[in-house]
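Step one of this worksheet: look at the structure below.
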Amino acid sequence: MSDKNRTEIDQMGEFGLIDHITRDVKIHHSNTVKGIGDDAAVIDCGDDYMVVSTDMLLEGIHFDLSFMPLQHLGYKAIAVNVSDIAAMNALPEQVTVSIAVTNRFSVEAIDMIYQGINAACKNYNVDLVGGDTTSSRSGLVISVTATGRVAKDKIAYRSGAKKDDIICMSGDVGAAYMGLQVLLREKKVFEADPNMQPKLDDYEYIVGRQLRPEARTDFIHDFRELGIVPTSMIDVSDGVASEILHLCKASNVGAVIYEQKIPVDQRTFDAAHEFNIPSVTPGLNGGEDYELLFTISQDDYKKVEKNPNIYFIGYVDEEPNSARMVTVGEQIVPLSAQGFKHF
Ligand code: ADP
Ligand code: MG
């Protein structure tokens with residue numbers, strides 16, 4: 001192909017590329033209820049729906065082994081996949097784990113990754129049922145596929161948000177992003193002078209949120225107990241702005257959120273201040289929080305309005321594809337998705 005016809009991947013971005021490569025995909029089986037486009041695919045398996053999701057973690061792109069302990073890496077690889085299962089209002093059941101390793105890794109090192117994988121499987125009550133093992137020439141790759149199950153009347157897609165629904169979150173955001181900034185800074189200090197020991201004690205919370213995220217399966221149990229089915233749901237892997245826009249696009253609605261209501265921990269605020277990052281940026285445009293962002297109908301609001309574990313951050317309106325934020329200074333600004341740039 002001549003250079004004239006060459007399209008650079010970064011012109012399209014991650015989401016544009018996914019749209020591009022999946023544009024000719026067709027569904028042939030009637031039990032494929034939902035294919036590409038949500039946190040997990042949905043398959044009719046009789047009484048229930050089975051949901052399936054896959055995610056890949058690459059050394060140098062998604063993790064840096066100079067500060068990512070191997071056990072935590074194994075744990076995180078499972079947690080991020082379970083998070084996509086939870087985002088469908090489903091509970092996880094099985095995972096397969098595929099790894100590609102270079103000869104830089106010893107068996108003991110791989111054992112450590114599996115200690116984390118096994119701990120996460122135990123914690124989320126999932127069975128490790130298969131995978132693949134291969135060698136790699138450039139760095140470690142871990143790819144996980146997870147399945148889950150949900151009653152048909154409880155499935156939550158990205159596409160069900162309706163006008164006047166309340167936009168909710170399961171926990172605070174931005175901490176994982178600020179944790180990463182601290183880790184990257186300490187790495188630089190260490191590289192400049194290997195005698196310097198990283199100072200992480202003051203940043204335990206945010207660094208922990210980066211290195212050992214949890215999937216919010218506890219919320220899926222809570223929804224059952226409260227008798228609530230979110231009208232739409234997504235997990236926050238790329239920052240709240242990007243995820244709200246996904247919900248708006250899939251649901252063909254608009255959204256208004258309030259900067260003041262976005263849950264950000266004081267320790268995240270403090271770190272953002274220290275790094276001269278606007279305090280709203282980590283939550284809106286950071287990533288890897290793995291909290292759930294969901295909408296509930298006005299009728300269900302009564303069931304949760306006093307629930308201290310749910311944060312109400314805004315509401316859904318009719319304007320298709322338009323997400324706006326009311327700032328602390330009461331200005332209205334459009335939300336734009338920065339997401340995570342992998343290309
Ligand atoms: P998430 O952030 O929830 O993991 P992604 O943004 O990675 O979701 O993916 C969005 C949708 O695109 C999902 O349905 C996913 O399965 C699908 N997808 C991503 N990459 C590919 C690919 N290479 N081929 C087919 N489908 C893909
Ligand atoms: Mg997701």
Side-chain angles (χ1 to χ4, degrees), residues 7 9-10 12-29 32-43 49-58 61-63 76-92 95-98 124 141-148 150 155-161 167-171 173 176-177 213-217 219-220 230 232-251 284-295 336-343:
T7 310
I9 292 173
D10 60 8
M12 278 188 177
E14 180 180 342
F15 301 132
L17 181 63
I18 295 173
D19 287 346
H20 180 76
I21 58 184
T22 58
R23 67 195 183 284
D24 294 330
V25 172
K26 291 188 179 60
I27 299 298
H28 299 288
H29 293 277
T32 307
V33 179
K34 172 81 195 176
I36 293 158
D38 217 300
D39 292 289
V42 180
I43 296 159
Y49 284 146
M50 184 169 88
V51 295
V52 187
S53 182
T54 194
D55 253 311
M56 186 155 53
L57 297 181
L58 270 81
I61 304 283
H62 301 96
F63 60 87
K76 185 169 178 174
I78 301 298
V80 302
N81 277 275
V82 168
S83 179
D84 277 323
I85 299 299
M88 306 304 291
N89 202 22
L91 286 167
V95 286
T96 61
V97 176
S98 300
Y124 296 117
V141 180
I142 305 183
S143 175
V144 175
T145 299
T147 69
V150 53
I155 185 94
Y157 295 106
R158 293 179 178 179
S159 57
I167 304 172
C168 312
M169 289 184 59
S170 61
V173 282
Y177 175 81
E214 293 286 4
R216 299 306 305 266
T217 46
F219 256 72
I220 310 312
S232 70
M233 184 146 64
I234 189 168
D235 69 326
V236 184
S237 51
D238 287 338
V240 169
S242 170
E243 313 303 2
I244 294 249
L245 285 163
H246 279 315
L247 286 189
C248 287
K249 191 174 174 203
S251 300
L284 267 192
N285 303 121
E288 301 194 284
D289 298 299
Y290 301 105
E291 293 296 339
L292 295 171
L293 176 76
F294 55 96
T295 54
S336 63
Q338 321 243 296
F340 254 28
K341 300 260 177 307
H342 290 150
F343 297 109

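If you're wondering where the values come from, they're calculated on a predicted model, not measured in any experiment. First listed ligand is number 1; within each ligand, the first listed atom is number 1. All residue numbers in this chain count up from 1 along the given sequence.
With salt bridges taken as basic N to acidic carboxylate O contacts below 4.0 Å, one links E288 and K76.
Numbered from 1 in the order shown, with element, the atoms of ligand 1 that lie under 4.0 Å from a heavy atom of S237 read 2 (O). Here is the list of ligand 1 atoms found below 4.0 Å of a heavy atom in F15: 6 (O).
Under 4.0 Å from ligand 1, not a single heavy atom of T54 appears. Proximity of R158 to ligand 1, defined as any heavy-atom pair under 4.0 Å, is confined to the side chain (atoms from C-beta onward).
Between S83 atom OG and D55 atom CG the span is 9.0 Å, to the nearest 0.5 Å. Taking CG from D38 and OG from S53, the interatomic distance works out to 9.5 Å, rounded to the nearest 0.5 Å. Here the CZ atom belonging to R158 is positioned 11.5 Å from the CE atom belonging to M233, to the nearest 0.5 angstrom. In this structure, CG on D84 lies 8.0 Å from OH on Y290, to the nearest 0.5 angstrom. Taking CD1 of I27 as the start and NZ of K34 as the end, the distance is 9.0 Å to the nearest 0.5 Å.
Between the side chains of S251 and S232, no donor-acceptor pair is found at a separation under 3.5 Å. Counted by atom type alone, T54 and T145 present one or more donor-acceptor pairs between their side chains at under 3.5 Å.
Of the listed options I18, I36, D55, I18 places a heavy atom closest to atom 5 (P) of ligand 1.
The nearest protein heavy atom to atom 15 (C) of ligand 1 is not closer than 4.0 Å. Checking atom 18 (N) of ligand 1 against the protein gives a heavy-atom contact under 4.0 Å.
For atom 22 (C) of ligand 1, the closest non-hydrogen atom of the protein is I21 CD1, 4.0 Å. Atom 24 (N) of ligand 1 has T22 CG2, 4.0 Å as its closest protein atom, hydrogens excluded (heavy atom only). Remark: minimum distance from atom 11 (C) of ligand 1 to any protein heavy atom is reached at G37 N, 3.8 Å.
Considering both main-chain and side-chain atoms, D84 comes within under 3.5 Å of ligand 1 through a nitrogen or oxygen pair. The shortest N or O to N or O distance between D38 and ligand 1 is under 3.5 Å. Considering backbone and side-chain atoms together, E14 places no N or O closer than 3.5 Å to any N or O of ligand 1.
Between the Mg ion (ligand 2) and the N, O or S atoms of D84, the shortest distance is to OD1.
Side-chain atoms of S170 come within 3.5 Å of backbone N or O of L292 as a donor-acceptor pair. Counting only distance, with no hydrogens or angles, the side chain of H20 and the backbone of G16 share no donor-acceptor pair below 3.5 Å.
For D235 atom OD1 and D39 atom OD1, the angle they make at the Mg ion (ligand 2) is roughly 90°, to 10 degrees.
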